[in-house]
Undergrad: 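There's a structure below that I have some questions on.
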Amino acid sequence: MKLVLEKRSEHSEFMTLMSPLLAIALTVLTGAIIFAVQGLNPFEALYVYFIEPLTSMWSLEEVFVKAAPLILIGAGLSVCYMANVWNIGAEGQLTMGAIVGSIVPIVFTSWQSPLALVAMITLGALGGALYAAIPAFLKNRFNANEILTSLMMVYIAQLFLDWVVRGPWKDPKGFNFPQSIAFEGWQLLPTLGDGRVHIGIILAVIVVAILTVLMSRTLKGFEILVIGNSPRAGRFAGFSRKKVVWFCLLLSGGLAGIAGIGEVAGPSGQLQPTISPGYGFTAIIVAFLGRLNPIGVLFAGVMLAITYIGGEAAQIDLGVSDKTAQVFQGILLFFILACDTLILYRIKMLGSTKQQSVAAE
Amino acid sequence: MDATQAVILTIITASTPLLLAAIGELVTERSGVLNLGVEGMMVMGAVCGFAAAYTTGNPYIGILAGVLGGVALSFFFAILTQTLATNQVATGLALTLLGLGLSGLIGESFVGLPGVKLQQLSIPFLSTIPFIGPILFGQDILVYTSIALIFGTTYVLFKTRIGLIIRSVGDNHNSAHALGYNVIAVRYACIMFGGACSGLSGAYLSLAYTPQWIENMTAGRGWVALALVVFSTWLPKRLAIGAYLFGAVWIMGLYVQALGFGIPSQFLSSLPYVVTIIALVIISGNKTLTRVNTPACIGQTFVPDR
């Protein structure tokens, strides 16, 4: 008996929806096994991980704080991946967006008006987009693989940030800590109510709405789909692959930049050597879990944010390593990709097909 | 030992991990598979190697464990991309994310512990030759292995039947399948060879380069190795030249830093990444160089029809 793949005549709508749920179920099951091996009660651990973050107001707020950047970046990446443009340097674009956006609060500290905030977000988007423009240019002009160039640029951006906060932008009154001055007033993102949730999550929802319309109702969206699925067909239709590469990288870079300035003007309130717990990489998982669909990304972003909060809670309550969350995220992506096979293929046992063919004769 | 000799020795130390990982990926890519999980397999090799060597006190058991760690991850990659026909780019990314997370979890209790250093295996008499003796014959077993791998893969890929099969599978999987070769099995083997090499490379980092475990200690070397394969235009000998050049760049940053020209250390640390991008641009822009040797089926999924 052997398992083989049989191509479906058309891709299964049912499996498109079921596959992420199946993947989550398998991840939870694997998680239970990992916890049991560590000598923990798997039910208790899973409760702490996936349910507890939703039970208190405080942790629910944290989920939205963390979901905002994940959704912003994930939505941009999903458009990229749809077009077969592999931007995996969102973490670097996030970092550059944060640095460029921080020009306003650090250089023009006294500019206190809502316009200052608008300028920060615009500069953040610009910083991220320009940083993503480099791999786009290298791809289109020199055919350099955007996966490798965009990833290399993550390291460069992080080292640049490290220099900025230890060098020119170090807070002179900061007791020599590697951090910038603390942002104040209109140079911080307004919060919703008294909590920690800031307008980043609203921005994320607006972006999702815009991208949904873009992908399903406009020519540009159609162009992206065609180029992504069949570059040859795209060429016959007169669509330019180069333009799509530019569009996707600038868009996803800009959104990552907004996420970056959102982090420093939101939860952290200043530039620090590390501004993100790997949002740019986790957003890759968000994009896939969300079926490369902006609305799907909205749910996937919340789901991945829960694993971050659950990971923190499990560390405090159960003494589980904070690395467990990252392992879960990796396993989740593995399972999503494996389950997605069911969209295009049927899994058949070779033994049973033989019997069928015998019966047919 | 004079200064030139010391510099050459450190360059070899910095180049060996790049070379080991890249040679494995070269074979994988020659069979038509793009495995972007090198960084993940490498970091798993590093943590498994360190943990086993620390527990047993024997660095050679560490090397073995590193190889097993790399092979284990590459096996998952093979199941997904070959048996389940998933997208290779996405699966490779997943492998890297998983490897980085898993290695952090495994290595948590080993942070800050003194490691077991892999000793040099000096070849008698030869290693006492002035100047070139210590460089060529006073290295540890992994450096010798890396050099043997360059010649070994060149020979196997271009002079043997096995090499011909690997290249045909990578260049046209439909024809290879029609000729009766088991495309999936060949690719499984090449993927796991790549995993073993990445594991070796990681073990070299945590046993010889800096004998300790630091989280994410691969620092992007896996990605540089991937770029090196492109840079080498899929030829092992060019790969060796590239790896030593990159190793030199990696070391140059450290030396300039020590001399202290007032250049911020972060700029010097980013040098290898900048050089990688420049190298990629130069090679990719040259169409004749890349087109001749690029495996034609690279990254494409193959599902055999029955």
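Proteins come first, then strands; the chains are lettered A, B, ... in the order of their sequence lines, and each starts at number 1. Atom set for the values below is all heavy atoms of this structure, side chains included, hydrogens, waters and symmetry mates excluded.
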Undergrad: Has the side chain of B:Thr86 got a donor or acceptor atom that lies under 3.5 Å from a matching backbone atom of A:Ala338?
TA: no

Undergrad: Would you mind reporting whether B:Trp223 and A:Ile147 have side-chain heavy atoms less than 4.5 Å apart?
TA: yes

Undergrad: Side chain, backbone, both or neither: which part of B:Thr276 has a non-hydrogen atom closer than 4.5 Å to chain A?
TA: side chain

Undergrad: For the residue pair A:Lys323 and B:Leu102, establish whether any side-chain heavy-atom pair is separated by less than 4.5 Å.
TA: no

Undergrad: Does any non-hydrogen side-chain atom of A:Met153 lie less than 4.5 Å from one of B:Ile277?
TA: yes

Undergrad: In Å, rounded to the nearest 0.5 Å, how long is the span from NZ of A:Lys139 to OG of B:Ser284?
TA: 9.0 Å

Undergrad: Looking at side-chain heavy atoms only, is the closest gap between A:Phe281 and B:Leu93 below 4.5 Å?
TA: no

Undergrad: Rounded to the nearest 0.5 Å, what separates atom CD in B:Gln266 from atom CG in A:Leu161?
TA: 9.5 Å

Undergrad: Name the option with the most non-hydrogen atom pairs under 4.5 Å to chain B; the candidates are A:Arg166, A:Lys7, A:Met152.
TA: A:Met152

Undergrad: Report yes if the side chains of A:Asn143 and B:Val281 come closer than 4.5 Å at any heavy-atom pair, otherwise no.
TA: no

Undergrad: Could you pull out the closest heavy-atom pair between B:Ala90 and A:Leu333, with the gap in Å?
TA: O-CD2, 4.5 Å

Undergrad: When heavy-atom pairs shorter than 4.5 Å are enumerated against chain A, which of B:Gly99, B:Ser269, B:Ala94 gives the highest number?
TA: B:Ala94

Undergrad: Please say which of A:Ile156, A:Thr149, A:Val154 ends up in a side chain to side chain contact (heavy atoms under 4.5 Å, CB included) with B:Tyr273.
TA: A:Ile156

Undergrad: Under a 4.5 Å heavy-atom cut-off, does chain B meet the side chain of A:Phe328, its backbone, both or neither?
TA: neither

Undergrad: At a heavy-atom separation under 4.5 Å, does B:Thr81 approach chain A through its side chain, its backbone, both, or neither?
TA: neither

Undergrad: May I ask you to check whether over 12 heavy atoms, not counting those of A:Arg141, lie within 6.0 Å of atom CZ?
TA: no

Undergrad: Kindly check if the number of other-residue, nucleotide or ligand heavy atoms within 6.0 Å of CZ (A:Phe35) is above 12?
TA: yes

Undergrad: In Å, rounded to the nearest 0.5 Å, how long is the span from OG1 of B:Thr91 to CG of A:Asp340?
TA: 10.0 Å

Undergrad: Look at the rings of A:Trp163 and B:Phe267 and say which category their plane angle falls in: under 30° parallel, 30 to 60° tilted, over 60° perpendicular.
TA: tilted

Undergrad: State the CD-CG distance between A:Gln326 and B:Leu98, to the nearest 0.5 angstrom.
TA: 9.5 Å

Undergrad: Is chain A contacted by the side chain of B:Ile283, its backbone, both, or neither, given a heavy-atom distance below 4.5 Å?
TA: neither

Undergrad: Which bit of B:Leu36 comes within less than 4.5 Å of chain A, counting heavy atoms only: side chain, backbone, both or neither?
TA: side chain

Undergrad: Could you state the interatomic distance from SG (A:Cys339) to CG (B:Leu84), rounded to the nearest 0.5 Å?
TA: 9.0 Å

Undergrad: Can you tell which part of B:Leu80 gets under 4.5 Å to a heavy atom of chain A, answering side chain, backbone, both or neither?
TA: side chain

Undergrad: Taking all atoms of both residues into account, what is the closest heavy-atom pair of A:Leu148 and B:Ala227, and its distance?
TA: CD1-CA, 3.7 Å

Undergrad: So for A:Leu151, is it side chain, backbone, both, or neither that comes closer than 4.5 Å to the heavy atoms of chain B?
TA: side chain

Undergrad: At a heavy-atom distance under 4.5 Å, which candidate from A:Leu342, A:Ile331, A:Asp162, A:Asn145 has the highest pair count against chain B?
TA: A:Asp162

Undergrad: Looking at chain B, which one of A:Leu332, A:Val327, A:Leu344 has the largest number of heavy-atom pairs inside 4.5 Å, strictly under?
TA: A:Val327

Undergrad: Considering all heavy atoms of both residues, which atom of A:Tyr345 and which atom of B:Ala85 are nearest to each other, and what is their separation?
TA: CE1-CB, 4.1 Å

Undergrad: Would you compute the distance between atom OG1 of A:Thr324 and atom CG of B:Leu105 and round it to the nearest 0.5 angstrom?
TA: 5.0 Å

Undergrad: Is it the side chain or the backbone of B:Asn286 that comes within 4.5 Å of chain A heavy atoms, both, or neither?
TA: neither

Undergrad: Report which part of A:Phe288 has an atom under 4.5 Å of a heavy atom belonging to chain B: side chain, backbone, both, or neither.
TA: side chain

Undergrad: Counting only non-hydrogen atoms closer than 4.5 Å, does A:Ile134 touch chain B with its backbone (N, CA, C, O), its side chain (CB onward), both, or neither?
TA: neither

Undergrad: So which of B:Leu280, B:Leu226, B:Val303, B:Val89 has the biggest tally of heavy-atom pairs under 4.5 Å with chain A?
TA: B:Val89

